[in-house]
Amino acid sequence: MDLLYFAWVREAVGTGQERVDPPEAVTTVAELIDWLAQQSPGHAAAFAEPAKLRAAIDQRFVSLDTPLGAAKEVALFPPVTGG
Amino acid sequence: MDLLYFAWVREAVGTGQERVDPPEAVTTVAELIDWLAQQSPGHAAAFAEPAKLRAAIDQRFVSLDTPLGAAKEVALFPPVTGG
Amino acid sequence: MIRVSIDSAPIELAVELSALEERGAGGVASFTGVVRGGDGITALELEHYPGMTEDALCTLAEAAMDRWNLLGVTILHRIGRMEVGERIVFIGTAAAHRREALDACAYLIDRLKTDAPFWKREWRGQETSWVEPRASDAQAATRWES
Amino acid sequence: MIRVSIDSAPIELAVELSALEERGAGGVASFTGVVRGGDGITALELEHYPGMTEDALCTLAEAAMDRWNLLGVTILHRIGRMEVGERIVFIGTAAAHRREALDACAYLIDRLKTDAPFWKREWRGQETSWVEPRASDAQAATRWES
């Protein structure tokens, strides 16, 4: 699964993208976030507060309780602030 | 009293402005219009249907039942169509 | 800052919009009316009431400045003859926040249609006809009564 | 006609507005967002989600074309670093009637704020901070739900 990070999530993790292979128990976006938080101190900083995060699966906005299903690309980022 | 005419009122009367001295019985804009309609065939054409006319006294929009009072400049014209 | 102009010269959008941006605004909204072809129309001709029309536009601009927190208002209206595709009217508003700029811009063009003494005639080749007012314009203006 | 662009190059208003006018519209509405100074801000920096952001803007433009009778929609958004006074975003709409152009323009900027994946950070000299979303933006977007 390809992960993309934007804004301060990207900065905290230290990279804008990475490929991961989470365990089978990780079935939703929220579970993915919890699992990612354990991967490094940078990940821990980025993913400590899921309430501050938003997500997209295969370039569509989804809520954090969405099942990952056959997701190829999952993006994690703060709420958008364009315009 | 100076009169100003705009758009098809101006064209029907044949001039954009004229000075008039209506009789004392003419006390409102509507009465002025009725009196003007008797002044020439052009005036008759311009002022035959008061419902199609709008007015301004001293450069402020007024309804046709407004007293002329001490009006210096009365303008008569069709409804506005700018923009 | 209020800028009002009634002129036979063409309206220069880039200049007008830059001037509004330079008010330090976060947002600039604009509306531009253009002579529309179709129905045989070849040109429009606009007439105004010198003095009263300028006053009416200034009064409108001031009313918008009172009602919203604006940094700038520009109202330009052309008079004389305009060919299809030429600009007739420009409304520009500058504000710190987009909602105020957008609402004020809509207000100004709605109210200009009913409150400013302009008269428009359509040219179709050599034929001319004065434009009748539209009931929808009177209705649009009333939505700003408060 | 829909034109969507995400680019680091400056936004050229005159070119964009002329293109909309050439759609044969009677009215063109626009909103331009500009980097506002104050609070020590020296620049903004905008980041986007390549692919998804372009899709989001096209989807928004199509939604506006479905909802109103429009002849043209242009949505431009800059990315990268912008100094105070520079344009961040441009929305332009062309329609036969002013109400449709104005409403669609307001809709597009409201929805862009919540629906398009952009992230903004403020520069104050060498210091940077990511901008927090505003509750008022989420609220503004909901007024278009129907």
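Everything numeric here is computed off the predicted structure, so don't read it as measured data. Reminder, nothing fancy here: chain letters follow the sequence lines and each chain counts from 1.
Contact between A:V80 and D:P133 at its shortest, heavy atoms only, is O-CB, 4.1 Å.
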Put together the list of donor-acceptor pairs under 3.5 Å connecting chain D with chain A, please.
{"from": "D:E47", "atom 1": "OE1", "to": "A:R10", "atom 2": "NH2", "distance (Å)": "2.5"}
{"from": "D:E47", "atom 1": "OE2", "to": "A:A7", "atom 2": "N", "distance (Å)": "2.9"}
{"from": "D:E47", "atom 1": "OE2", "to": "A:R10", "atom 2": "NE", "distance (Å)": "3.1"}
{"from": "D:Y49", "atom 1": "OH", "to": "A:E73", "atom 2": "OE2", "distance (Å)": "2.5"}
{"from": "D:M52", "atom 1": "N", "to": "A:Q59", "atom 2": "OE1", "distance (Å)": "3.0"}
{"from": "D:H77", "atom 1": "NE2", "to": "A:G83", "atom 2": "N", "distance (Å)": "2.9"}
{"from": "D:F118", "atom 1": "O", "to": "A:T81", "atom 2": "N", "distance (Å)": "2.8"}
{"from": "D:W119", "atom 1": "NE1", "to": "A:P78", "atom 2": "O", "distance (Å)": "2.8"}
{"from": "D:K120", "atom 1": "N", "to": "A:T81", "atom 2": "OG1", "distance (Å)": "2.9"}
{"from": "D:K120", "atom 1": "NZ", "to": "A:T81", "atom 2": "O", "distance (Å)": "3.4"}
{"from": "D:K120", "atom 1": "NZ", "to": "A:G83", "atom 2": "O", "distance (Å)": "2.8"}
{"from": "D:R121", "atom 1": "NH1", "to": "A:E11", "atom 2": "OE2", "distance (Å)": "2.6"}
{"from": "D:W130", "atom 1": "NE1", "to": "A:E11", "atom 2": "OE1", "distance (Å)": "2.6"}

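Residue pairs meeting the salt bridge (Lys or Arg N to Asp or Glu O under 4.0 Å) criterion with at least one partner in residues 67-77 of chain D, sequence neighbours excluded, are absent.
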